[in-house]
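Just so you know, these numbers come straight off a predicted model, no measurement behind them.
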Amino acid sequence: MDKKSARLKRALKLRCKIKKQEVNRLTIHRTSQHIYAQVLSVDGKATLAAASTLEVGIKTAVKNTSNVNAAMEVGKQIAEKAIAAGVTHVAFDRSGFKYHGRVKALADAAREAGLKF
């Protein structure tokens with residue numbers, strides 16, 4: 001099993017558990033250069049809030065878009081947008097990525113900014 005199929009297998013198991021909770025979902029995607037986050041509705045058909053390192057405000061605030069500081073900025077931004085949309089409680093869908101480094105930094109920053117998960 002290669003890295004990608006192992007990640008997708010972890011993601012599938014995690015999403016099955018989240019689906020049973022019936023709450024909004026904070027999902028992330030990580031590439032080598034950027035990190036993306038979005039809050040999806042319970043049924044998964046609507047995006048309630050989104051943030052990434054491609055946004056102008058975040059891109060100018062950080063020197064490098066592929067490090068922990070950039071992930072923290074995205075976490076703060078997604079929490080602010082989600083709270084503005086009326087969402088305070090979410091389930092964290094890490095998309096099969098291991099919980100360390102940029103993924104952990106994004107989650108911690110979102111928690112500090114007011115999201116509960």
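- Interatomic distance, CD of Gln38 versus NE2 of His29, reported as 10.5 Å (0.5 Å rounding).
- The closest side-chain heavy-atom distance from Leu106 to Ile28 is below 4.5 Å.
- The NZ atom of Lys3 sits 10.5 Å away from atom CZ of Arg7, with the distance rounded to the nearest 0.5 Å.
- Annotation: Lys81, atom NZ; neighbour count of heavy atoms from other residues, nucleotides and ligands within 6.0 Å is above 12.
- For the atom pair CZ of Arg15 and CZ of Arg94, the computed distance is 10.5 Å after rounding to the nearest 0.5 Å.
- One finds the NZ atom of Lys59 at 5.5 Å from the NE2 atom of His34 (value rounded to the nearest 0.5 Å).
- Scanning all heavy atoms of the two residues, the minimum distance from Ile58 to Glu73 falls at CG2-CB, 4.1 Å.
- For the side-chain contact (heavy atoms from CB on, under 4.5 Å) test with Phe92, the passing option among Ile18, Leu115, Val103 is Val103; the others fail.
- Counting only distance, with no hydrogens or angles, the side chain of Asp93 and the backbone of Leu26 share no donor-acceptor pair below 3.5 Å.
- In the hydrophobic clustering of ILVMFWY residues, with side-chain heavy atoms under 4.5 Å counting as a link, Tyr99 and Val90 come out together.
- Although no hydrogens or angles enter the test, the distance criterion places a donor-acceptor pair under 3.5 Å between the side chain of Thr65 and the main chain of Gln33.
- Taken from CG in Asn24 to OG in Ser41, the straight-line distance is 6.5 Å, to the nearest 0.5 Å.
- Closest of all the heavy-atom pairs between Ala105 and Ala71 is CB-CB, 4.3 Å.
- Minimum heavy-atom separation, Ala37 to Ile78: O-CD1, 3.7 Å.
- The backbone N or O of Lys116 sits less than 3.5 Å from a side-chain atom of His89, completing a donor-acceptor pair.
- Side-chain heavy atoms closer than 4.5 Å link hydrophobic residues (I, L, V, M, F, W, Y) into clusters, and following such links, possibly through other members, connects Val39 to Phe117.
- Judged purely by atom type and a 3.5 angstrom limit, Ser95 has no side-chain atom pairing as donor or acceptor with the backbone of Phe97.
- Counting all heavy atoms, side chain and backbone alike, Ala91 lies closest to Gln21 at CB-OE1, 3.5 Å.
- Contact between Ala70 and Thr53 at its shortest, heavy atoms only, is CB-CG2, 3.9 Å.
- Closest approach of Ala50 and Thr47 over heavy atoms only: CB-CG2, 4.3 Å.
- Counting only heavy atoms from C-beta outward, the side chains of Glu112 and Met72 never approach each other to under 4.5 Å.
- Between Lys63 atom NZ and Asn69 atom CG the span is 11.0 Å, to the nearest 0.5 Å.
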